[in-house]
Amino acid sequence: MPELPEVETVCRSLAPFIVGKRVSECLIGEKKLIKSSTAEEFRKKIIGRSFNNVQRRGKYILLLLDDGETLVVHLRMTGKLLISLKDEPVNKHTHVRFSFEDCEQELRYEDIRKFGILYLGDEAKLAQLKGLVNLGYEPLSEEFTTEVLKEILHSSNKKIKAVLLDQTKIAGIGNIYADEILFQAKIHPESIAKNITDEEVIKALHFAIQDRLREGIKYGGSSIKDYVNSFGEAGSFQKLHKVYAKAGERCVECGGILDKMTSAGRSSTYCPNCQIKY
DNA sequence: AAAACCGCCTGTCGGC
DNA sequence: TGCCGACAGGCGGTTT
C-alpha cells in the first residue's frame, strides 16, 4: 500500500497522539511480524517505555523512545497503524496492540497480508536493518538537488522506472508515484536512466518527483484499497491520479489511449504518445 | 550489472 | 453460484 506520502500522513496523524504516551501493555498475536527479537523479548522491552518523537525515513516509520531506542515499523503492502478505543472490537487482521498508561485509546498494528515488520532496537541494532540503513536520498530534502538526480541517472544502466523504485537511490517512491512522476515528466518508463542527459528533462523529472510527492501528502495520500491514516481516514490523492491503474482510458494531455506494460517487475501505465523513450 | 522470477499472505475481480 | 488464475501501494533472495 503505502509510499512516502501515505507513510508521512500516518506519521503526522500519529505523532500528536503518541508522543508522551507510556506503554503499559503490548499484546502480540502474530509473532512473525517482530523481526528484531522474539515476540516476548520485544514485549518486555517496550513495556514501560514512552514515545519521544515520530520520524519518517523513506517508507519506514521511526518511533523514538525515551531510552534512546527506536521502534521501527514498515507497513509494506497492507499494514496500518490505527488509534482505536480499547473496547473497539479487534478483527482477524489485528496483530499487535499497544496500550498506554491513563489512556482509553490504544495503538493497533493491522495487516491483511502480514508482509509488514516491527523492529525494536538501539543504534547498533538498527544498523542490522539493511533496508533502513541502505536508504538513499530523501526526495523532499534539501540534499536532493537536480545535480544529485543527474548523478543518479548518469550512473545507472537500468530503466528509469527501476531507478525510481530503487530505495537505495531515492527513498520512498513506489509504483503509484513512479507512474505519476514519469507521466508528469513526459518520460517513458523503459527509458534507460543514463540516456536521460538533457538538462531540461532532468529538471522536469526532479520537479515531478517533488511535486507529485508533495501533492500526495497535501491530499493525505492515495487510498486505492486499504490505505488509511492512523485515524482510519482515507486519503484523496487517487482522485488526482492521471495514469496509475488507468490503462485503456484517455490521456488527459493528448486524448490518446493509455497503455500498460510490465517493466522492472511491476505494472506500469503510461501514455505512449506523451512519454518519450530515451 | 541487471532483470526476471519466486516467496511471503490475503483478498478481490474477471472469465468461464 | 463456484472455481481458478491473475493481480495488488513492497521487498529480499535466488536464478538467468
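Numbers restart at 1 for each chain; the letters A, B, ... are given by sequence-line order, proteins then strands.
Contact of the A:Asp111 side chain with the A:Glu30 side chain is not registered, since no non-hydrogen atoms from C-beta on lie closer than 4.5 Å. Between A:Lys158 and A:Ile192, every side-chain heavy-atom pair lies at or beyond the 4.5 Å cut-off. The side-chain heavy atoms of A:Asp122 and A:Glu69, taken from C-beta on, include a pair separated by under 4.5 Å.
A straight line from NZ of A:Lys35 to P of C:dG10 spans 17 Å, rounded to a whole angstrom. Nucleotide C:dG10 holds its C1' atom 18 Å from the OH atom of A:Tyr119, rounded to whole Å. A:Tyr227 places its OH atom 18 Å from the C1' atom of C:dA8, with the value rounded to the nearest Å. As a whole-Å value, the separation of A:Leu4 CG from C:dC11 C1' is 17 Å. Between the C1' atom of B:dC8 and the NZ atom of A:Lys31 lies a distance of 19 Å, rounded to the nearest Å. Nucleotide C:dA8 holds its P atom 15 Å from the NE2 atom of A:His241, rounded to whole Å. Regarding A:Arg266, its CZ atom lies at a distance of 8 Å from the P atom of C:dA8, rounded to whole Å. Spacing between atom CD1 of A:Ile117 and atom P of C:dG12 amounts to 9 Å, rounded to whole angstrom units.
Nucleotides C:dA6 and B:dC5, compared at atom P, are 13 Å apart to the nearest Å. The gap from the P atom of B:dA4 to that of C:dC7 amounts to 15 Å, rounded to the nearest Å.
A single hydrophobic cluster is not seen to contain both A:Ile173 and A:Val243; linkage of ILVMFWY side chains at heavy-atom distances under 4.5 Å, directly or through other members, places them apart.
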Yes or no on side chain to side chain contact (heavy atoms under 4.5 Å, CB included) for A:His188 and A:Ile276, after CA distance, side-chain angles and deciding distance? CA-CA 5 Å; A:His188 191 288; A:Ile276 299 161; 5.8 Å; no

Under the criterion side chain to side chain contact (heavy atoms under 4.5 Å, CB included), I'd like the reasoning laid out for A:Tyr119 against A:Thr70: C-alpha separation, chi angles, the key distance, then a yes or no. CA-CA 8 Å; A:Tyr119 192 98; A:Thr70 302; over 6 Å; no

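Close to C:dC11, at under 4.0 Å from its OP1 or OP2, lies a side-chain N or O of A:Lys59. Considering only side-chain N and O atoms, A:Thr78 lies nowhere under 4.0 angstrom from the phosphate OP1 or OP2 of C:dA8. In terms of phosphate contacts, A:Gln167 brings a side-chain nitrogen or oxygen within less than 4.0 Å of OP1 or OP2 of C:dC11.
Smallest separation of non-hydrogen atoms from A:Pro139 and A:Ala171: CD-O, 3.0 Å.
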Dot-bracket for DNA chain C, please. Rules: Watson-Crick or G-U, both distances under 3.5 Å, ( ) within the strand, [ ] when a pair crosses earlier ones, | for another strand, . otherwise. .|||||||.|||||||

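As judged by a 4.0 angstrom heavy-atom cut-off over every strand, A:Tyr177 is placed among residues making no nucleic acid contact.
In this pair, A:Phe115 does not lay its aromatic ring on the base of C:dC11; centres under 5.5 Å and planes under 30 degrees do not both hold.
Test A:Glu6, A:Arg212, A:His241, A:Glu3 against A:Tyr177 for side-chain hydrogen bond (donor to acceptor under 3.5 Å, both in side chains) and you get one pass: A:Glu6.
Donor-acceptor pairing under 3.5 Å is recorded for the side chains of A:Thr94 and A:Glu110. Donor-acceptor pairing under 3.5 Å is lacking for the side chains of A:Ser263 and A:Lys161.
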Atom pairs under 3.5 Å, N or O on each side, protein against nucleotides 10-12 of chain B: can you list them with distances?
unit_1 : atom_1 : unit_2   : atom_2 : d
B:dT10 : OP1    : A:Lys114 : NZ     : 3.1
B:dG11 : OP1    : A:Lys92  : NZ     : 2.9
B:dG11 : OP1    : A:His93  : NE2    : 3.2

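Ring-plane geometry between A:Phe144 and A:Tyr137 is classed as tilted, the angle between the planes lying from 30 to 60 degrees on a 0 to 90 degree scale. The aromatic rings of A:Phe42 and A:Phe98 are tilted relative to each other, their planes meeting at an angle between 30° and 60°.
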Protein heavy-atom contacts under 4.0 Å, written 5' to 3' over nucleotides 1-7 of chain B as B (base), S (sugar-phosphate only) or - (none), form the string SSSS---

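Mapping A:Lys260 and A:His74 onto DNA chain C by nearest heavy atom places A:Lys260 closer to the 5' end of the strand.
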